[in-house]
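Take a look at the structure set out below.
In what follows, residues are counted from 1 in the order of the sequence shown.
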Amino acid sequence: QVQLVESGGGSVTAGGSLRLSCGVSGYPYRWYLLAWFRQGSGKEREGVAVIGYDSSTDYADSVKGRFTISEDNSKNTLYLQMNSLKPEDTGMYYCASGPVGSGLDGSHYSYWGQGTQVTVSS
């Protein structure tokens, strides 16, 4: 059974930082993509960052230079370091896993966590 469990969300003021974590279990995730998505109130879900089994990464333009996705294989954990946070970064953040080639298109992802809330105040 695949399980993804996010943690680390919270409330910060603009310019602050947060690090999200996602515990991954139940499958050999090294051969899949791991990604972070977010959805703000009244907004569509948006792909934020993705990391491949070869540690290649890709980011949404809106977070490039501010967010960093990484993974610790020894701990089976995915991370999202978020710096210089802006109010528009507010939303529910989800980790997900899908097959290679999915990129930041959430429709290709099969496994999702329950989400963790990030709130950035101005």
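- Note that CE of M82 is 3.5 Å distant from CG of L20, once rounded to the nearest 0.5 Å.
- The backbone N or O of L33 sits less than 3.5 Å from a side-chain atom of S97, completing a donor-acceptor pair.
- Cluster membership for V2 and V24, using ILVMFWY side-chain heavy atoms within less than 4.5 angstrom, is shared.
- Note that the OG atom of S17 and the CZ atom of R66 stand 10.0 Å from one another [nearest 0.5 Å].
- Hydrophobic clustering (side-chain heavy atoms under 4.5 Å, transitive across Ile, Leu, Val, Met, Phe, Trp, Tyr) groups L85 together with V48.
- The aromatic rings of Y93 and F67 sit tilted, their planes meeting at an angle between 30° and 60°.
- Using a 4.5 Å heavy-atom cutoff, the side chains of L78 and W36 are in contact.
- A pairwise comparison of heavy atoms in P87 and S122 identifies CG-CB, 3.9 Å as the closest pair.
- Under 4.0 Å is where a charged nitrogen must lie from a carboxylate oxygen, and between D89 and K86 no such pair does.
- The two residues A49 and L80 come nearest to each other via the heavy atoms CB-CD1, 4.2 Å.
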Run the side-chain contact (heavy atoms from CB on, under 4.5 Å) test on E71 and Y79 for me, step by step, so that the C-alpha distance in whole Å, both residues' side-chain angles and the decisive distance to 0.1 Å come before the verdict.
CA-CA 6 Å; E71 59 182 337; Y79 300 102; 5.8 Å; no
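- Nearest heavy atoms, G113 versus Y94: O-CD2, 3.6 Å.
- Considering CD of E6 and CE of M92, their distance stands at 9.0 Å, rounded to 0.5 Å.
- For the pair L18 and V118, the minimum side-chain heavy-atom distance is below 4.5 Å.
- W112 and F37 have tilted rings, their planes meeting at an angle from 30° to 60° on a 0 to 90° scale.
- Side-chain contact check for Y59 versus T68: some heavy-atom pair is nearer than 4.5 Å.
- For the 3.5 Å distance criterion, the side chains of D72 and T77 fail to qualify, holding no donor opposite an acceptor.
- Separation of atoms CG (L4) and OG (S25) is listed at 7.5 Å; rounding is to 0.5 Å.
- Here side-chain hydrogen bond (donor to acceptor under 3.5 Å, both in side chains) pairs that include residues 40-49, with residues two or more places apart or in two chains, are R38-E46, E46-S62.
- Hydrophobic clustering of Ile, Leu, Val, Met, Phe, Trp and Tyr side chains at less than 4.5 Å, counting indirect connections, unites I69 with Y111.
- Using a distance-only test at 3.5 Å, with no hydrogens or angles considered, no donor-acceptor pair links the side chain of T90 to the main chain of T119.
- Taken from OH in Y32 to OG in S110, the straight-line distance is 8.0 Å, to the nearest 0.5 Å.
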